[in-house]
Amino acid sequence: MRTAALLSLILLAPTSLVGPASAAAAKPPVLVELFTAQGCRPCTEANEHLNRLAERPGVLALTFSVDYWDYLGWTDTFAEPEYAERQKAYVARLKLREPYTPQVVVDGEEQAEGLKSGEVDRLVRAASVEPRYPPDMRFVGERRVDVGSGRAPRGGAEVWLVRYDPRAVEVVVRAGDNRGETVVQRNVVRQYVRLGSWRGRPQAYRVPAAPDDGLRTAVIVQAPRGGRVIGVAQPKS
């Protein structure tokens with residue numbers, strides 16, 4: 001009877017909670033975040049570079065549209081207040097004076113002006129060779145992700161769900177500094193949800209339903225308040 005009960009518990013447990021985490025967890029992609037706005041004239045060039053980075057193997061490039069330039073006359077069609085809050089956390093962590101666009105943050109540790117494509121590329125190359133020890137992360141169906149054991153920062157980490165549109169989206173700006181221009185953006189973030197905390201022990205997290213078809217999913221494990229990125233995972237296609 002005890003054996004049957006134990007077997008039932010094992011079968012019901014999340015896959016990452018059964019046994020130790022994989023010692024050879026796959027190296028996560030470098031996370032590149034562009035904070036941009038459709039009404040920001042200098043952002044057009046940075047958008048184009050982010051679009052090219054989105055094609056690069058070993059890189060997850062995400063476009064976060066912010067809303068604090070809306071007062072110039074154009075309401076950004078993809079901006080959400082929480083995206084600007086994410087950027088503000090980086091501003092505080094990196095000891096910057098204020099948020100700005102276009103800004104690129106690489107793996108939560110380094111930042112550069114989005115117009116300085118050479119500097120952005122240098123940061124991406126440096127991050128790609130940095131030793132990292134991510135936890136094993138596995139998606140179980142469409143509504144659960146398991147994060148295994150690993151090295152958590154002091155105070156633990158946060159687990160974030162991001163859903164983004166991988167297609168090139170064209171937006172005709174009809175007011176403000178970019179009036180009459182067509183802005184082309186890729187990997188635009190459309191959903192951003194905190195799934196919970198992680199303290200180095202295996203844990204399963206419930207994943208909310210996708211708001212739209214055609215979006216791709218990524219889960220990010222990151223030190224709190226805009227800290228370094230510990231792991232990034234995406235479902236296997």
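For this chain, numbers begin at 1 and follow the sequence in order.
- Between the side chain of Arg41 and the backbone N or O of Asp177, at least one donor-acceptor pair lies under 3.5 Å.
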Apply side chain to side chain donor-acceptor pair (under 3.5 Å) to the pair Gln103 and Gln87, showing each step before the final yes or no. CA-CA 9 Å; Gln103 181 190 27; Gln87 186 185 24; 2.8 Å; yes
Side chain to side chain donor-acceptor pair (under 3.5 Å) between Tyr192 and Arg86: does it pass, once the steps are laid out? CA-CA 10 Å; Tyr192 174 63; Arg86 181 172 178 85; 3.0 Å; yes
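- Using a cutoff of 4.0 Å between basic side-chain nitrogens and carboxylate oxygens, Glu55 and Arg186 are scored as salt-bridged.
- A cation-pi geometry, defined here as NZ or CZ lying under 6.0 Å from the six-membered ring centre and within 45° of its normal, holds between Arg151 and Tyr133.
- Remark: the backbone N or O of Ser128 is paired with a side-chain donor or acceptor of Lys27 at under 3.5 angstrom.
- One N or O on the side chain of Arg93 and one on the backbone of Pro224 form a donor-acceptor pair closer than 3.5 Å.
- When atom types are taken as modelled, the side chain of Asn178 and the backbone of Glu181 share no donor-acceptor pair closer than 3.5 angstrom.
- The shortest side-chain heavy-atom distance between Pro153 and Ile230 falls under the 4.5 Å cut-off.
- Taking the six-membered ring where the residue is Trp, Phe64 and Tyr83 present perpendicular rings, their angle passing 60° and hence far from 30°.
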Intermediate values then yes/no, side chain to side chain donor-acceptor pair (under 3.5 Å), Ser65 and Gln38: CA-CA 8 Å; Ser65 291; Gln38 294 163 1; 5.1 Å; no
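- Here the side chain of Tyr205 pairs no donor or acceptor atom with the backbone of Trp160 at under 3.5 angstrom.
- Just one of Glu33, Glu109, Gln111 meets the side-chain hydrogen bond (donor to acceptor under 3.5 Å, both in side chains) condition when paired with Tyr90; it is Glu33.
- Of the candidates Asn47, Thr44, Thr101, Thr63, Asn47 is the only one forming a side-chain hydrogen bond (donor to acceptor under 3.5 Å, both in side chains) with Thr36.
- No donor-acceptor pair under 3.5 Å is formed between the side chain of Glu110 and the backbone N or O of Val124.
- Between the side chains of Thr217 and Arg163, at least one donor N or O lies within less than 3.5 Å of an accepting N or O.
- At a threshold of 4.5 Å between non-hydrogen side-chain atoms, the residues Trp198 and Pro135 count as touching.
- The local environment of CZ in Arg194 is crowded, with over 12 non-hydrogen atoms from other residues, nucleotides or ligands closer than 6.0 Å.
- We find that Asp121 and Arg52 are not joined by a salt bridge, their nearest charged nitrogen and carboxylate oxygen being 4.0 Å or further apart.
- In this structure, Val169 and Phe78 have side chains that are in contact, with non-hydrogen atoms separated by less than 4.5 Å.
- Counting only distance, with no hydrogens or angles, the side chain of Arg144 and the backbone of Phe139 share no donor-acceptor pair below 3.5 Å.
- Side-chain N or O atoms of Asn187 include one that pairs as donor or acceptor with a backbone N or O of Ala61 at under 3.5 Å.
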